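Letters A, B, ... mirror the listed sequences (proteins, then strands); counts begin at 1. Every value quoted in this text rests on a predicted model; they were computed, and no experiment measured them.
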2 protein chains.
Amino acid sequence: MEPEHSDVTTDVAEHMPGACQAVSSILSRVGDKWTVLVVMMLADGPMRFNELKRKIGGVSQRMLTLTLRGLERDGFVSRTMFPTIPPRVDYELTPLGQSLRVPIGELGNWAFEHIGVVVEARAAFDARGIEE
Amino acid sequence: MEPEHSDVTTDVAEHMPGACQAVSSILSRVGDKWTVLVVMMLADGPMRFNELKRKIGGVSQRMLTLTLRGLERDGFVSRTMFPTIPPRVDYELTPLGQSLRVPIGELGNWAFEHIGVVVEARAAFDARGIEE
DNA sequence: CGGTATCCAGGAAGATACTG
DNA sequence: CAGTATCTTCCTGGATACCG
């Protein structure tokens, strides 16, 4: 921990005009339904489309395509086509995608560690709502 | 790489049956449009509804209410009513909310540091799409 | 196999108006 | 001031069917 970036707090809270939107656009990509799952799946190496689809489970072809396109557009994932028959397409994390794994991994771990408390809080909140 | 994976990677990637959904629900809360902004705003201490609304800017009354309700439900934010006239309501981060600031701060910083590369990647991707 | 195209349902989100 | 209620629009995401 360098004293370089003082605290987590203020670095982002500062209202830079345009940057805020860009940061927000990255955040909402992470928050979407399948992105994190896909990134985690690709952590161990390249994977083919249907392989990815099977491993994730519950994702539609359309959504997986859209998710991968989004990740590719942002430079997190690279797409390699092999013009064989049948065709084969590999998806792989770029170095940028790899580096993204760190913060979302931390967030994932935080979520995992605090699920219990959150679920309890939700139940308590909902219970309060009923008897009023 | 130890065989003992203390690494960020696999901890979450493991498919625990129910936990995955709960983690995902937390992730999508973080990814929504206003949550992170609100949490960052409340970092420095309690704030009133309209104060929050002004500082954020561009958020509708309705969306701010919904966001705060969501955060309150999950136990990230506490809501304190003062039955004065005019009424006054303070929102404040709970200890749980405070602890959430760490991982989302890291994610925010990551995003902030990599905006440039991502924006470039998007432009390159979009440019590729035009001339084909 | 690895997509794209199309259609449709449901939720997210903004604008506006009203209330304690 | 701090909301709720309502209406409308937009976007997300699933199902299905078809193409190279």
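- There is a path of hydrophobic side-chain contacts, each under 4.5 Å, that joins Met81(B) to Val77(B).
- Phe82(A) has its CZ atom 11 Å from the P atom of dG2(C), to the nearest Å.
- Mapping heavy-atom proximity under 4.0 Å, the span of DNA chain D touched by chain A runs 5' to 3' from dG13(D) to dG20(D).
- Side chain of Trp110(B) to backbone of Ile104(A): no donor-acceptor contact under 3.5 angstrom is found.
- Residues Leu42(A) and Tyr91(A) come closest through the heavy atom pair CD2-O, 3.5 Å.
- In this structure, Met40(A) and Gly105(A) approach most closely via the heavy-atom pair CE-CA, 3.8 Å.
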With 3.5 Å as the limit, what N/O pairs link the protein to nucleotides 17-20 of chain C?
none

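- One atom, NZ of Lys53(A), and another, P of dG3(C), lie 12 Å apart when rounded to the nearest Å.
- With sequence neighbours excluded, the residues that form a salt bridge (charged side-chain N to carboxylate O under 4.0 Å, His left out) with Arg69(A) are Glu72(A).
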Please output the side-chain donor-acceptor pairs of residues 26-33 of chain B that fall under 3.5 Å, not counting sequence neighbours, one pair per line with the distance.
{"unit_1": "Ser28(B)", "atom_1": "OG", "unit_2": "Ser24(B)", "atom_2": "O", "d": "3.3"}
{"unit_1": "Ser28(B)", "atom_1": "OG", "unit_2": "Ser25(B)", "atom_2": "O", "d": "3.2"}
{"unit_1": "Arg29(B)", "atom_1": "NH1", "unit_2": "Gly70(B)", "atom_2": "O", "d": "2.8"}
{"unit_1": "Arg29(B)", "atom_1": "NH1", "unit_2": "Asp74(B)", "atom_2": "OD1", "d": "3.2"}
{"unit_1": "Arg29(B)", "atom_1": "NH1", "unit_2": "Asp74(B)", "atom_2": "OD2", "d": "2.6"}
{"unit_1": "Asp32(B)", "atom_1": "OD1", "unit_2": "Trp34(B)", "atom_2": "N", "d": "2.9"}
{"unit_1": "Asp32(B)", "atom_1": "OD1", "unit_2": "Thr35(B)", "atom_2": "N", "d": "3.0"}
{"unit_1": "Asp32(B)", "atom_1": "OD1", "unit_2": "Thr35(B)", "atom_2": "OG1", "d": "2.9"}
{"unit_1": "Asp32(B)", "atom_1": "OD2", "unit_2": "Thr35(B)", "atom_2": "OG1", "d": "2.8"}

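- Annotation for Pro103(A) and Leu107(B): closest pair CB-CD1, 3.7 Å, computed over non-hydrogen atoms.
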Output a table of nitrogen or oxygen pairs between the protein and nucleotides 5-13 of chain C separated by less than 3.5 Å.
{"unit_1": "dA13(C)", "atom_1": "N7", "unit_2": "Arg62(B)", "atom_2": "NH2", "d": "2.6"}

| task | With side-chain contact (heavy atoms from CB on, under 4.5 Å) as the test, would you mind laying out the steps for Leu64(A) and Val38(A) before giving the verdict? | result | CA-CA 9 Å; Leu64(A) 184 54; Val38(A) 169; 4.0 Å; yes

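- Considering only residues two or more places apart in sequence or on other chains, Arg88(A) meets the salt bridge (charged side-chain N to carboxylate O under 4.0 Å, His left out) condition with Asp90(A).
- Between Leu66(A) and Met63(A), some side-chain heavy-atom pair lies under the 4.5 Å cut-off.
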